[in-house]
Amino acid sequence: MNEKELRRSMSVFPIGTVMTLTDLTARQIRYYEEQKLICPERNEGNRRMYSLNDIDVLLEIKDYLAEGINMAGIKRIYELKENEEENDERSTLTDDDVRRILQDEFLALRGIDTKGPSRFF
DNA sequence: CTTCTGACA
DNA sequence: TGTCAGAA
């Protein structure tokens with residue numbers, strides 16, 4: 001990991017700063033942490049300290065939410081990202097994997113846990 | 001004053 | 001998700 005990535009992953013902001021920077025409530029920010037979408041560190045006083053990376057993810061989450069994607073969908077999007085990274089490292093990506101990822105990406109674009117296909121538009 | 005955890009009229 | 005309490 002280079003210095004640039006190191007700085008972006010350095011936890012330095014208290015939740016208050018993150019709230020003003022992302023327009024999210026403390027409740028939401030903590031909830032997304034429970035959903036393992038971000039992993040802020042804790043300081044000596046058990047206060048959460050966020051990094052620029054955490055803020056970027058929070059901002060992305062806010063955009064997905066604005067597009068109408070629910071938590072289940074957002075989680076899947078990040079799960080797919082993890083798989084993509086793993087595949088890049090081991091170049092184990094087959095044509096069939098690509099097809100499946102694109103398929104899931106489409107489904108994730110709008111919530112999944114919804115009943116029928118009646119909510120496409 | 002700011003943040004944390006847990007809980008729910 | 002909001003919000004309130006009690007503690008740190």
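A note on names: the letters A, B, ... follow the listed sequences, proteins ahead of strands, and every chain is numbered from 1. Because only heavy atoms are used, hydrogens play no part in the values below, and waters and symmetry mates are left out as well, while side chains stay in.
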Nearest 0.5 Å, please: how far is [atom2] in [Y] from [atom1] in [X]?
X	Y	atom1	atom2	answer
A:Ile55	A:Leu24	CD1	CG	10.5 Å
A:Ile29	A:Asp54	CD1	CG	10.0 Å
A:Leu52	A:Leu59	CG	CG	11.0 Å
A:Thr22	A:Leu58	OG1	CG	5.0 Å
A:Ile69	A:Ile61	CD1	CD1	11.0 Å

Whole angstrom is fine here: how far is it from [atom1] in [X] over to [atom2] in [N]?
X	N	atom1	atom2	answer
A:Ile29	B:dT3	CD1	C1'	12 Å
A:Met71	C:dT1	CE	P	6 Å
A:Arg42	B:dC4	CZ	C1'	7 Å
A:Glu33	B:dG6	CD	C1'	15 Å
A:Glu34	B:dA7	CD	P	12 Å
A:Leu65	C:dT1	CG	C1'	11 Å
A:Tyr31	B:dG6	OH	P	16 Å

Have A:Glu41 and A:Tyr50 got a donor and an acceptor in their side chains that come within less than 3.5 Å? no
Are any side-chain N or O atoms of A:Ser11 and backbone N or O atoms of A:Met49, one a donor and one an acceptor, separated by less than 3.5 Å? yes
Please confirm whether the backbone N or O of A:Phe13 pairs with a side-chain atom of A:Thr17, one donor and one acceptor, at under 3.5 Å? no
Strand DNA chain B in bracket notation, Watson-Crick/G-U under 3.5 Å with | for pairs to another chain: .|||||||.
Please list, in numerical order, the residues of residues 13-22 of chain A that have a heavy atom closer than 4.0 Å to any atom of DNA chain B. A:Pro14, A:Ile15, A:Gly16
Short side-chain N/O contact to C:dT1 OP1/OP2 from A:Tyr32, under 4.0 Å: yes
Residue of the set A:Glu33, A:Arg47, A:Arg30 for which side chain to side chain contact (heavy atoms under 4.5 Å, CB included) holds with A:Ile15: A:Arg30
Taking atom CD of A:Glu3 as the centre, report whether more than 12 heavy atoms of other residues, nucleotides or ligands fall under 6.0 Å from it. no
Going 5' to 3' along nucleotides 2-8 of chain C, which nucleotides have protein heavy atoms under 4.0 Å from the base (write B), which only from the sugar-phosphate (write S), and which from neither (write -)? BB----B
Under the side chain to side chain donor-acceptor pair (under 3.5 Å) criterion, do A:Asn46 and A:Arg42 qualify, and how do the steps go? CA-CA 5 Å; A:Asn46 193 41; A:Arg42 300 302 187 98; 2.9 Å; yes
